[in-house]
2 protein chains.
Amino acid sequence: MKYQNYSDMLKAMAEPNRLKIIDLLSCGSLCACDILKHFDFSQPTLSHHMKILQKAGIVKAKKTGKWQHYWLDPNFITTFKQNTDSLLRADADCICHQAQN
Amino acid sequence: MKYQNYSDMLKAMAEPNRLKIIDLLSCGSLCACDILKHFDFSQPTLSHHMKILQKAGIVKAKKTGKWQHYWLDPNFITTFKQNTDSLLRADADCICHQAQN
DNA sequence: CGTTTACATAGATAGCCATCTATGTAAAGA
DNA sequence: TCTTTACATAGATGGCTATCTATGTAAACG
């Protein structure tokens, strides 16, 4: 389906805590324990959120020693902005210019 | 909370059917019956989705005679793009440059 | 005035989701 | 080797949500 990838990204972003995580990571790489300091929920809950962000292609991760480092996937930034522009502009690719169903 | 409005928009958008509705409306105004032709779900389900899009400030509506007309709120388009840029750029307003919690 | 059309609302339900506690694991330090 | 630190995983739960059927309502039409 045309909207599936973009919808997956939006779904992952559509949670205030995950939005805050993305904002934190927009400045660079962080490990889980540093991210957790900004929140009130438990560590397993953060782990859950990070997994969702990775599955949606928003966040990349790498383990070095004890620390799990997270950062924004550069492809996500460009893809998301591109999809947003495409959605909100009435161009030739728009579904309303095509056959129904 | 800083992310609440943006998160509400994302939440409303994070559903493939509603994303398709936004795409349809990006070309201009449509009434409910015309939107419904593009989908397999029932009429009450569309009514439910339109209410969610209105509550999130994405869609405006006006009833004229029998027909309920819907169109994208121009403020949504600018606000959404602005919030997206703000989120994904590591500028001075970024949370990571401020005190924790 | 009865019927049709274009919706909205009510109530029910199955499935998903954010959170928790409890526990496992692997690396680092003493 | 024992303990601590930094995670991940499992399982449970309460709440939300997308969908349905049934029904109400208001406008238009004959």
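Residue numbers start from 1 in every chain, and the chains themselves are labelled A, B, ... in the order their sequence lines are given, proteins ahead of strands. Fair warning: this is a prediction, and the values are worked out from it, not measured in the lab.
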Check this for me: does any side-chain nitrogen of one of A/K37 and A/D34 sit under 4.0 Å from a carboxylate oxygen of the other?
yes
Quantify the bending of the helix from C/dC1-D/dG30 to C/dA30-D/dT1 as the angle between its end axes, each fitted on five pairs, to 10°.
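Between the axes fitted at each end of the helix from C/dC1-D/dG30 to C/dA30-D/dT1 lies an angle of 20°.
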Please list, in 5' to 3' order, the outermost nucleotides of DNA chain C lying under 4.0 Å from any heavy atom of chain B.
C/dT5 to C/dT9
Inter-residue atom distance B/L53.CG - B/E15.CD, 0.5 Å rounding:
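B/L53 atom CG to B/E15 atom CD measures 9.0 Å (nearest 0.5 Å).
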To the nearest 0.5 Å, how far apart are OG1 in B/T64 and NZ in B/K66?
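Output value for this atom pair is 11.5 Å.
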Both B/Q68 and A/P44 contact DNA chain C. Taking the nearest nucleotide for each, which residue is further toward the 5' end?
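With B/Q68 and A/P44 compared, the 5'-side residue is B/Q68.
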Considering only nitrogen or oxygen atoms on both sides, find all protein atoms under 3.5 Å from nucleotides 13-16 of chain D and state each distance.
none

Could you check if a side-chain atom of [X] sits within less than 4.5 angstrom of a side-chain atom of [Y], using non-hydrogen atoms only?
X	Y	result
B/I58	B/F80	no
A/F76	A/V59	no
A/L72	A/S26	yes
A/Q68	A/C31	no
B/L30	B/I21	no

With A/S7 via side chain to side chain donor-acceptor pair (under 3.5 Å) - residues at least two apart:
none
Within the structure shown, what part of the strands sits under 4.0 Å from B/H48 by heavy-atom distance: base, sugar-phosphate, or nothing?
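Base, at least one base atom sits under 4.0 Å.
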D/dA18 P sits how many Å from B/I21 CD1, rounded?
11 Å
How long is the line joining CG of B/D8 and P of D/dT17, in whole Å?
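Going from B/D8 (CG) to D/dT17 (P), I get 10 Å.
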Could you give all pairs that pass the side-chain hydrogen bond (donor to acceptor under 3.5 Å, both in side chains) test and reach residues 73-83 of chain A, with sequence neighbours left out?
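As it turns out, there is no side-chain hydrogen bond (donor to acceptor under 3.5 Å, both in side chains) pair with a partner in residues 73-83 of chain A once direct neighbours are skipped.
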Restricting to pairs with a member in residues 45-61 of chain B, which pass side-chain hydrogen bond (donor to acceptor under 3.5 Å, both in side chains), not counting sequence neighbours?
B/R18-B/H49, B/S42-B/T45
Of the residues in residues 52-66 of chain A, which ones touch DNA chain D at a heavy-atom distance under 4.0 Å?
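A/K66 - these, ordered by number, are the residues of the stretch whose heavy atoms sit under 4.0 Å from the strand.
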Using OP1 and OP2 only, check whether a side-chain N or O of B/T45 sits under 4.0 Å from D/dC20.
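For B/T45, the contact criterion (side-chain N or O under 4.0 Å from OP1 or OP2 of D/dC20) is met.
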Short question: side chain of A/K20, backbone of A/H38 - any donor-acceptor pair under 3.5 Å?
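Yes, because the side chain of A/K20 sits within donor-acceptor range (under 3.5 Å) of the backbone of A/H38.
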Looking at residues at least two apart in the chain, or sitting in another chain, which of them share a ring-ring contact (aromatic ring centres under 6.0 Å, His included) with B/Y70?
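Partners of B/Y70 by the ring-ring contact (aromatic ring centres under 6.0 Å, His included) criterion come out as none, since no residue qualifies.
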